[in-house]
Amino acid sequence: MSTPTTTAGLPRGNRLSLGQFFQGTLSIAKREVAAYFDTPIAYVYTIAFVLLANSIFMNEFFLAGRAEMAAFFDSAPLLLAVFLPAVTMRLFAEERKQRTIELLLTLPIRPLQAVVAKFLAAGVLLLLFLVGSAPLALMVFKLGDPDAGRLWAGYLGVLLLGGQLLALGLMLSACAGDQIVAFVLSTVVSLALVLSGQPQVVAVLDGLAPGVAPGTLLLEYVSVLPPYEAFGRGVLSAAAFVRFAGSTALFLWLAAVVLDRRRG
Amino acid sequence: MAWRQWILLSVLLTAGFTFISGAERLLAVDGRSQVEVGRVQPTRIDAVTRAALDQLNADATLTYYVSPAEQMPSDLKRMEQRVSEVLEALSTASDGRLNWRIVHPGEDAEAERFAIDRRIAPFRWRSIQGDRWSELEVWSSLEIALGARTPVVLDGLTAEQLPVLQRLIAAHLELLERPSAPRVAICAPLDDYGRLAEHLTGRGCSIESLESLNESAAWESADVLVWFEPRDVDAALLARVEAFRQRGGSLLVGDSSRRAGLSTDPADPQLKLTRSGFEPAELWPAFGLQALDEPLFDQRCEARVIGDGTPLLLPFLIRCIAPNQNFREFSSQPNGTLLFPTPTPLRLNAPDLSDRGFRAQVLATSSEQSWTLPGLAAQEAELTELPPIRLEALTPERGRSLPKEALAVWLQPADPFEGSVFAFASTKLFSNEFLGLTGYAHERLIDLIFAEAASAERLVAARTDRGQAAPLPKLSSSAEAGWRAAALLGLPVPLLLLAALRGRGRGRGNSDSRWLWMGTLGTVTAAGIAGAGSLLFPGSWRLDWSAGELAGLAEQTLIERDQLLDEGELKVSFAFTREQDLAPEWRSPVRSAWARVQEFCKPGGVTLNRLDPERLESDEREALRAAGVTSIRAQSTRGAAVAVRSVDATVLLQFKEQSEALLFGDVESFEDLEFRLAFACWRLRTGQRPSLALVTDTPRLTAAENHTEYLQRKLMAPSGTDVWSLARGALERADFLVEHVDQRRPEWPENYDAIFWLQPQRPIESILERVVNELHGGGRVFVAGQHFHVRAERWRGQEFRDVYWPQPRSLDLERFWFDDLGIGWPRRVLMDVNTFPAELETHVQRDAETKELDQQASALPFLVRATTGQFADDPLMAGVGDQALLFPTAIEVDEARLGSAGLQANVLMRASDQAWSFAWESGFVPPEAFEGPSEVAPSLPGAPLLVRLSGEFPLPAEAFVERDAEESQPLPPTPAPGELLLFGASRQFQNDRLRSAGFRADRLLVNAAADLCLPAELAALAGRRQVPRGLDASDTQSRLRWRGWALGSGPLLLACAWLIRRWTRRAGRIAV
């Protein structure tokens, strides 16, 4: 009796060791990263993000005259909510449109490996975005004596938040058949996750149904801002890690589930 | 994906999120599951706090009085949890010497009684209910008790204080354990202020004296800086002082620009005024203040006996008696007279104050009998030394009357951690000569100020390290540009290089050349289109789709210009500082103004030139200054520096021998450019200059307030300060001449075109008689008044619940004449569904001794928002925008009786259709009156708020003013049609409300002045402003429906379209 196989020929019941899993994942991730840098994507996205984020920061930096990067960390969630969907929109939706998804799925890898590989590749781009703000950090350290703990915690917050938004975009890209749809869906959901933490939004939503306080419910259970802002204050809490890492893992797993069901 | 897959995905997502949230909650409860890595660590006890806790000799108890989370507004819901974390951390670190507890006064009556017994009061917080501003009463106060010492209470604790709560508590405990002396730095000429230093030392202050702030940096760590007679003030020094203030230090600062010398020749005593060397324009703009750089004199002044024993009035030594002082927000008052020698009065600059987050309170003023010699300042500019003035000649009749001028101002920052500024128009009262002067309360004044500036709360704020980032060092402009370039291009440039290298390595020459071709083609096409456009449409071609075509000049403006040009040539000079030296917010308005002036100057007969006075030769500049071009002091931002500098912003119109200089003092004044151009043409053509007699009084306390707050406590009640100065300035900025008339001692100017009477107050008979006579003779009058100012009160006996007391303003208009015409001024508190949020004065009386006057958020229906939909279609109401009316009075209009008196009434502004009112007689407004129309507060839909009456006004049947038999009644003028504008609201014209929170009451004033003084066609130009139309009143349900419509209609429409398409396709397939 033969073992049931996927279209890729990888036995379904076969367990991969951790080493094998990461080996396969890394090889795809490398291919994806190379693809970013072979096309204008990495250059255009990174330059656009860095110019925008750094310009917003520099606009007020000398006027405020304070050696801190709070302004950068304050603007980062909104910028990431727009830029990261642009990175993730094509990851699966374009493969499907160009019919290369079948090729990908026939490789001897599991869907989760493909998902994690693409996530890691997009993560490299996110890292590059953050590297782009390194001149700001250098400048702040050179000109003053900033609170280094808060600064590094802020960067960690951006990284975790970015990771969650990337995973979300990846999942929606796997679900959507078209990259524009994937982009719009990801942007809307990402913005909702960010804006539901804004005090004015919370106050208005609470005022619509004071008994239920929907704004507060969204703030406490859905919005990414409270855990993100805790990083900005220099507080690294296990709860915030669980929120970001858990959501990221959940989105990635769901993306893998969607892919798996598609190749059926 | 198929539907089933979407459903599966949703289920998995929900389950996943529920699991993650649960785990997150579990971890969040355990404080050990977090690490703090910043310098300020809210729940990790730092060395300073630990040391403070270790040194406690008695047990400390911290009690946090807080509303339960479900009763808290959204932004305070987590307060209890986060404060508890801090308190628990402190308790753990103290080895049991510090205990803490939470009390929920909002939850049960016993807890509330406990809080009230300890004089803890709730506070109001702005919230939003059903898309409408509302307010909530919440508790959030922390009581710090150490042994048997008097506890300290941190009132109104919010999330902003949380990061430094630990340090605040530690600082308070330390101060309770070991009270320490305030550190005071005195920078003033030591020969003159030695006694002040001695006095403060005697009061327990630790003094450090300095000659100059530049000599050391020790003052930067002081608690209070006394900076009297500042010299060589520059931007760098002001920046250091501002950093000191932002750190929490308080500042006493001031000087006068002149010194007075008196020749004591008994036969002919003379006053000699000399410049002191102090430049007010260098100092005050940094604090949002300005100086009236004219010598101030006052009939309420010091008298000296010279020669034969006759006391001689010295009007430059101004006595500020207790009624001219206002220390309502202090624990007490000086209880005596203050003497200000040769002061340089202070004026409030509302936009600048608001930019800096200051709330200004005038502490001392001159009297109603203040005056100046207008020519003196000009004479001073021309001569190096002023000739002596004979004291006999120094009389108010020879000068110009002034309203009460500010002599001491208290600037309170919005951020409670920042320090206050006490600004003085003269500091000589604290000098050796005057400090201990018998009969004056200067020592008591300095004690009072230090009781505030060096209070325990202030000392804690000044000494607590908030962990704020350190200020940046001063950078050169090239260093700054370098950092900018590095920050912006640090990564993009290497990335571009990398991209270029990778592209070359792959030999994509064709691709590169294609990009090059496309770029070149695009550039050439764009240039071609631009060139063709400029050839086809020479000049500034544009489409103006705005209502009233506000982007271009109105026909009437061009008519005014052409009428002037018919009589001669016009020369227009656009005298503005060049754009790159202006603050960024000025640049766009100046560009638009230049385009508009160019359009105005298009036809032949007008010469236009643009110039920057600072770049002209000195003689040309002097000629311009002589023609009226004056520079203003404006804040400008250049690179890193925020500096105050001289800016030119004047449009000068010269016609034959006359000239009109239109000065633009702030960015918002450009909105009246077109009206001012047309008005200037009219003035040049007719030679007329409309003037207004502005009748005002200082706001007075009610008899009840006077009795309970002052007389019972053996204090003098303040008589108030001039709160109408910004309204006066708004009218002057629109190029009307404004003459001040004091309501209590009216001195009427010889000629005026209209009377503006803001908030009549008892006794009104004398002014009303003049007004009626003017109207009877065809005069024009604007009267704005209201019956009440509503004040929020909290008494311990009322369990600190908010009650609202409508303080009567003694309007008195209802007692005379108006009733005969058919106009009623009912004493009702008007309320409306259309409201706006505002900070309201709230009186908190914790016990018989302690009173506080706070500004707390409010959004109750007596804050009436009159929207443009409630305005009549009349030029007077054009371009004024929504009006924020605080506690207005609805006017009753009986058109039948008015008609029989020969008058026509036109209601220009109404309350909404859902308005209601409460007929107040005494006491507080019952809470049910705020809920909406009811038996106690009947409905009053569309109540008139602003009414225009026109026609021949009858004289009253009986004279208002009783006169002696010998005193003759003024002769009534020949009857002629007059015009009267009656407005049931005046509070919005006061300084603190004139241009606040997006509402502009000054526009209505300017429109009214134009309406009353100018021909109708010209007056209509005053309303040509770009103003958004306000929303009409709507209830909560309707707002919710609109929200549903806005969010749901689009998706619903699309869903329907999709269903229809799907249905038609299916039908098509079945047919096939």
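Within every chain, numbering begins at 1; the chains are lettered A, B, ... in the order of the sequence lines, protein sequences first and strands thereafter.
With sequence neighbours excluded, the residues that form a salt bridge (Lys or Arg N to Asp or Glu O under 4.0 Å) with A:Glu220 are B:Arg25. B:Arg245 is linked by a side-chain hydrogen bond (donor to acceptor under 3.5 Å, both in side chains) to B:Glu242, B:Glu418, counting only residues two or more places apart in sequence or in another chain.
Proximity to chain B involves both the backbone and the side chain of A:Ser247, based on heavy atoms less than 4.5 angstrom apart. Within the 4.5 angstrom heavy-atom criterion, atoms from both the backbone and the side chain of B:Ala487 approach chain A. Heavy-atom distances place no part of A:Pro40 under 4.5 Å from chain B, backbone and side chain included. Residue B:Leu495 touches chain A through both its backbone and its side chain, counting heavy-atom pairs closer than 4.5 Å. For a residue to count as touching a neighbouring chain, one of its non-hydrogen atoms must lie under 4.5 Å from one of that chain's; by this rule B:Gln246 touches chain A with the side chain only.
The side-chain heavy atoms of B:Thr18 and A:Tyr221, taken from C-beta on, include no pair separated by under 4.5 Å. A heavy-atom distance below 4.5 Å is not found between the side chains of A:Pro135 and B:Leu491. In this structure, B:Leu13 and A:Phe251 have side chains that are in contact, with non-hydrogen atoms separated by less than 4.5 Å. Between A:Val222 and B:Phe17 there is no side-chain heavy-atom pair separated by less than 4.5 Å. Contact of the A:Leu143 side chain with the B:Trp483 side chain is registered, since non-hydrogen atoms from C-beta on lie closer than 4.5 Å. For the pair B:Lys77 and A:Asp206, the minimum side-chain heavy-atom distance is below 4.5 Å.
Nearest heavy-atom pair, A:Pro226 versus B:Arg78, reported as atom, atom and distance to 0.1 Å: CB-NH1, 4.3 Å. In terms of heavy-atom proximity, A:Leu51 sits nearest to B:Leu488 at CD2-O, 3.5 Å.
Atom CZ of B:Phe19 sits in a sparse spot, with 12 or fewer heavy atoms from other residues, nucleotides or ligands closer than 6.0 Å.
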